[in-house]
Amino acid sequence: MAAEKQFAYDGLAMAQVRVRFAPSPTGYLHVGGARTALFNWLFARQQGGVFLLRIEDTDADRSRPELTEAVLEGLRWLELDWDEGPYHQSERLPLYRAVADRLRAGGHAYPCFCKPEELEQRRQAAEKTGKPWKYDGRCRALTEADIKARAGQPHALRFRVPEGGETSFDDVVYGQVSVSHDEIEDFVLLRSDALPTYHLGVVADDLDMRITHVIRGADHLSNTPKQILLYRALGETPPVFAHAPLILGPDRTRLSKRHGATSVTAYGEEGFLPEAFRNFLALLGWSPGEDTELMPTEELVRRFRLENVGRTNAVFDRSKLEWFNGEYLRTQPLARLLSYVEAELRRQGLWRDEWGPEASGRDWFLRAVEMLRPRVRLLADFSQWARAFFSDAFDYDPEAVKKFLRDDRLVELLPQVQEALAGLQEWTHDEIERAVRGVAERAGVKAALVINAARVGVTGQAVAPPLFTTMELLGQKTVVSRLQRLVNQLPALTR
RNA sequence: GGCGCCAUGGUGCAACGGCUAGCACGGCAGUCUUUCAAGCUGCAGAUCCGGGUUCGAUUCCCGGUGGCGCUACCA
């Protein structure tokens with residue numbers, strides 16, 4: 001917090017916090033980006049600050065609008081709303097050129113006429129001799145006359161890194177980080193097509209947008225000194241930096257397609273709740289400092305501290321994410337959960353209007369969801385595992401068949417169960433139980449035998465909510481006809 | 001290769017230099033039950049290695065090892 005106070009902007013005693021999420025449009029919002037966005041968002045919301053979005057699309061082939069749209073979609077799914085933007089760097093080119101001019105005027109930048117191919121050659125030559133390559137500064141010493149003479153020739157603009165010494169900064173997460181100037185080459189600011197490179201773009205924009213805190217992935221840690229150098233050369237005060245550790249796949253390498261779902265939107269499609277996802281993501285690299293883990297978003301906002309962000313890379317553990325999701329599925333206010341379930345059923349074409357808010361079957365729908373939710377981990381479970389609750393068109397799970405339908409006695413027993421249930425005058429839990437258990441008793445078999453078999457017949461699954469409650473909910477007609485169906489198919493199923 | 005950063009059970013996180021290193025996920029076992037992926041109970045499992053500093057290091061320092069990142073006219 002001390003660090004937060006020492007930077008005042010535009011003469012304000014206490015500047016308003018302004019943070020940004022600045023993805024390059026890759027066509028999707030991946031988990032790492034999502035976590036960065038979340039940290040920025042949490043911090044902004046907590047500080048009453050501004051969270052803005054900036055698209056870093058100075059690279060020509062990244063400026064296709066649909067690539068950006070996919071990133072925005074990910075943010076929307078995560079429900080991370082932004083206050084400004086999205087700004088597009090591709091639309092702010094004059095700013096970068098102006099900043100480049102300032103640098104050039106101050107003697108901090110110089111034109112470089114080396115051709116990329118030549119550089120590549122010199123680099124390879126150097127590497128062959130085992131020497132670490134760094135731009136050799138060939139154009140550094142060009143005089144104004146040299147430059148004038150070559151005017152019109154294609155050239156890049158390079159930053160003049162001070163000779164000797166080092167640059168260090170105080171990262172909120174990583175502490176003091178220093179890099180010797182010997183390690184930093186005269187990097188390119190403007191490419192020969194006059195488009196800015198990343199370093200010039202971020203610094204110019206963060207300055208122009210009055211960003212107070214740069215919260216981003218640790219992959220930018222090593223590059224930060226270059227940016228500090230730029231701030232200094234411009235005579236500007238750098239923002240506060242806070243780098244968050246990287247998120248890795250289960251094999252401890254960078255998260256990629258290999259590791260399954262790479263876009264957060266894909267997690268949405270799989271049936272994860274945004275709030276559960278946020279909770280899980282927040283705990284990847286951050287901890288409230290004690291053992292609490294389940295925290296609704298408001299609490300995350302309240303407790304988030306940049307100084308409690310850790311420094312070690314974290315592995316994305318899907319099974320824990322699933323646990324979080326199950327936890328939220330179970331504890332979510334029912335009304336809210338219903339709309340998620342409705343969306344899921346609609347996606348799968350299982351939705352019926354009679355279950356709608358004011359409709360006649362609403363109460364039934366509510367009971368079904370309430371009954372199902374203790375054993376669900378993904379929204380998709382409602383349409384897959386629990387499909388039989390919402391549709392007559394379901395298959396018998398082969399495992400369930402193997403486990404509960406093998407017994408020969410069922411050929412005799414199931415028709416009896418069906419008959420007993422068909423004859424019931426009152427369709428209540430207790431009456432159903434009496435009827436089913438009665439069949440087992442008269443046959444001298446354990447009740448579990450018929451119960452388990454009937455469960456498969458009625459739900460298609462080995463696992464489902466308690467059978468008699470399930471039957472009561474589904475209704476006599478449905479249950480009886482499903483048992484009839486099972487009786488018919490039994491020989492074929494168990495053959 | 002050079003530079004930077006990091007290092008607590010399989011995974012995510014805790015532990016003013018001081019109890020038998022805590023919690024959660026996962027695993028295993030038991031229990032409840034009509035099924036369990038729900039509940040409850042229990043068990044196994046970690047301070048990377050080596051030196052220092054200290055009465056005492058998970059914690060501080062140095063070295064090693066390992067991992068990750070950066071090293072582009074990508075971002």
Side-chain angles (χ1 to χ4, degrees), chain A residues 22-26 56-62 89 112 114-116 119-120 123 127 130-135 154-158 171 173-175 177-180 182-185 187-199 201-202 217-226 243 245-246 248 250 252-254 280 283-294 308 310-324 326 330 373-377 381 385 400 403-404 433 436-437 446-452 454-456 459 461-468:
Chain A
S24 71
T26 49
E56 312 229 318
D57 58 352
T58 56
D59 194 22
D61 42 294
R62 296 195 207 215
Q89 289 194 321
C112 170
C114 300
K115 294 193 172 63
L119 288 170
E120 187 54 38
R123 175 174 320 156
E127 273 164 15
K131 292 214 172 80
W133 162 262
K134 212 176 82 174
Y135 174 65
H155 63 273
L157 188 72
R158 282 187 189 269
D171 191 273
V173 174
Y174 285 89
V177 177
S178 340
V179 173
S180 161
D182 296 341
E183 299 300 329
I184 307 176
E185 69 171 3
F187 53 95
V188 171
L189 297 170
L190 279 182
R191 308 187 266 207
S192 41
D193 56 8
L195 253 31
T197 61
Y198 169 67
H199 297 296
V202 248
D219 47 341
H220 292 291
L221 193 64
S222 300
N223 275 328
T224 305
K226 290 182 191 164
H243 288 88
L246 267 26
L248 310 175
R252 291 214 155 261
T253 65
R254 234 176 179 174
F280 169 75
L283 262 11
L284 246 37
W286 170 79
S287 127
E290 46 147 310
D291 290 334
T292 319
E293 294 205 309
L294 272 172
N308 285 349
R311 300 175 196 87
T312 49
N313 293 166
V315 171
F316 184 87
D317 179 9
R318 188 191 157 98
S319 66
K320 186 153 185 174
L321 169 61
E322 287 184 9
W323 174 80
F324 267 103
R330 263 169 253 132
R373 73 147 130 182
R375 332 163 204 252
V376 136
R377 288 210 141 188
D381 288 333
W385 165 72
K403 192 170 173 193
F404 291 133
E433 175 160 17
V436 175
R437 287 192 191 278
K446 283 175 67 177
L449 177 66
V450 282
I451 289 172
N452 289 331
R455 176 178 301 106
V456 180
T459 68
Q461 299 292 331
V463 174
L467 182 68
F468 308 127

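Predicted, not measured: the structure shown is a model, and the values here were computed from it. In what follows, chains are A, B, ... by sequence order, proteins preceding strands, each numbered from 1.
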Complementary nucleotide for B:G18 - Watson-Crick or wobble, under 3.5 Å = B:C55
Can you name the atoms? Protein N/O to nucleotides 16-24 of chain B N/O, anything below 3.5 Å, with the distance.
| from | atom 1 | to | atom 2 | distance (Å) |
| --- | --- | --- | --- | --- |
| B:G22 | N2 | A:Asp291 | OD1 | 3.0 |
| B:C23 | O4' | A:Asp291 | OD2 | 3.0 |
| B:A24 | O2' | A:Glu293 | OE1 | 2.7 |
| B:A24 | N3 | A:Lys320 | NZ | 3.0 |

inquiry  = Just N and O in the side chain of A:Arg330: are any of them under 4.0 Å from OP1 or OP2 of B:A37?
reply    = no
ask   = Is the shortest side-chain N/O distance from A:Arg437 to OP1 or OP2 of B:U34 below 4.0 Å?
value = yes
query = Which part of the nucleic acid, if any, lies within reach of A:Cys112 when heavy atoms closer than 4.0 Å are counted: base, sugar-phosphate only, or nothing?
reply = nothing
query = Do we see a donor-acceptor contact under 3.5 Å between the side chains of A:Gln461 and A:Thr459?
reply = no
request  = Name the closest nucleotide to the A:Ser319 side chain, picking from B:C73, B:U34, B:C25.
outcome  = B:C25
message = Does A:Ala447 reach a base, just sugar-phosphate, or nothing at all? Heavy atoms under 4.0 Å.
response = nothing
ask   = Closer than 4.0 Å, any side-chain N/O of A:Ser287 to the OP1 or OP2 of B:A14?
value = yes
message = Under 4.0 Å from OP1 or OP2 of B:A37: is there any side-chain N or O of A:Arg373 that close?
response = no
key: Base-pairing mate for B:G67 - Watson-Crick or G-U, with both contacts under 3.5 Å   = B:C5
query = Is any side-chain N or O of A:Arg375 closer than 4.0 Å to OP1 or OP2 of B:U33?
reply = no
Presence of A:Arg252 side-chain N/O under 4.0 Å of B:G69 phosphate oxygens OP1/OP2 = no
